[in-house]
Amino acid sequence: MEEKKKVMLSGIQPSGDLHLGNYLGAIKNWAARAEEFDCYYFMADLHTITVRQEPAELRRRTLQQLAQYIACGLDPEKNTLFVQSHVPAHAQLGWVLECYTMFGELSRMTQFKDKSAKHQDNINAGLFTYPSLMAADILLYKPDLVPVGEDQKQHVELTRKVAERFNNLYGEVFTVPEPYIPKAGARIYGLTTPGDKMSKSVPEGCVFLMDKPEVIAKKFKRAVTDSDRENCVRYDKANKPGVANLMDIYAAVTGKTHEEIEKEFEGQGYGVFKPAVGEAVIETFRPIREEAERLIADKSYLESVYRDGAAKASRVANKTLAKVYKKVGFLQP
Ligand code: TRP
């Protein structure tokens, strides 16, 4: 008999276009796991409306994100790719879990504190209960592993707590998931703000998957290196975070080690190093961008992928949801 594969799940909000940080920190690593795990990846569109979105843009980005997932190597034959809002069980379990998540717990979430400080005119209830919906996203599929960025670790920890609370009341309904934070180097910082992770909110320091080569080249030429004017390619994260970030990027796309990179650019300054990193990223992104563009033009194919994905995800999700509904005492329809 075939052994049951472990389950892996993650999602990205289509609230911005995908960038180098998403690619190196997440998607590239996901693509490598398809044989080993039963993988679910989704566009977390329900989460995006906790902040106001332009509807047509949200639709465009959701479809584009699917095309980019595939172009980055997530084969829809081997991974379940779907749109969160196409699987109603997410919202349904989200509501139930809101009733098993405490006000105090949600109040302590740093993402809520940050986002409510940033959007003071729109501190809505969804922004507050966001982690309960994320817990539902996760628990529906009983994943063993949930790869997330450092900033989402707190949410996965809360998911574990909610799952344990529910299981203590009703028996083993949920699998308590492990967060999986990719190792250092997978975390990419903004090219102009090496103290902060790469983000679409600082577009001049953010390299998007769909950026044209000349745009990428320009962004790398303007990357911040260091202030000590040493002009030497050396890995020193504390004192030269900009250079370290560029070296991490170069290492990730070329497979070279930091020592090899230091050797390669010995005696050469940032004026040579920065364009070289840009060139390496351009060549990594070129086939991805071209494939994504081709897929975006093939709407009927993308539709078939997200329909199949939602159907498959729903089968799994609805089973968990039915069990939960029964446990809490809802009358069977
Ligand atoms: N909250 C995540 C983020 O903003 C996206 C997300 C939503 C997610 N649901 C998830 C990630 C479930 C992993 C698992 O990045």
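Atoms within each ligand, like the ligands themselves, are counted from 1 in listed order. The chain is numbered in sequence order, starting from 1.
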All ring pair (Phe, Tyr, Trp, His ring centres under 6.0 Å) counterparts of Phe166, not counting sequence neighbours: Tyr100, Tyr170, Phe174
What does the contact table look like for ligand 1 (nitrogen or oxygen on each side, cut-off under 3.5 Å)?
{"unit_1": "ligand 1", "atom_1": "1 (N)", "unit_2": "Tyr130", "atom_2": "OH", "d": "2.7"}
{"unit_1": "ligand 1", "atom_1": "1 (N)", "unit_2": "Gln152", "atom_2": "OE1", "d": "2.9"}
{"unit_1": "ligand 1", "atom_1": "4 (O)", "unit_2": "Gln13", "atom_2": "NE2", "d": "3.1"}
{"unit_1": "ligand 1", "atom_1": "4 (O)", "unit_2": "Tyr130", "atom_2": "OH", "d": "3.0"}
{"unit_1": "ligand 1", "atom_1": "4 (O)", "unit_2": "Gln152", "atom_2": "NE2", "d": "3.4"}
{"unit_1": "ligand 1", "atom_1": "9 (N)", "unit_2": "Asp137", "atom_2": "OD2", "d": "2.7"}

Ring centers of Phe285, Phe208 separated by less than 6.0 Å: no
Would you say the side-chain atoms of Arg60 and Gln64 include a donor-acceptor pair closer than 3.5 Å? yes
Hydrogens and angles aside, do Asp45 and Thr62 bring a side-chain donor and acceptor to less than 3.5 Å of each other? no
Could you tell me whether the side chains of Asn79 and Tyr69 share a donor-acceptor contact shorter than 3.5 Å? no
Could you tell me if the ring centre of Phe82 sits under 6.0 Å from that of His90? yes
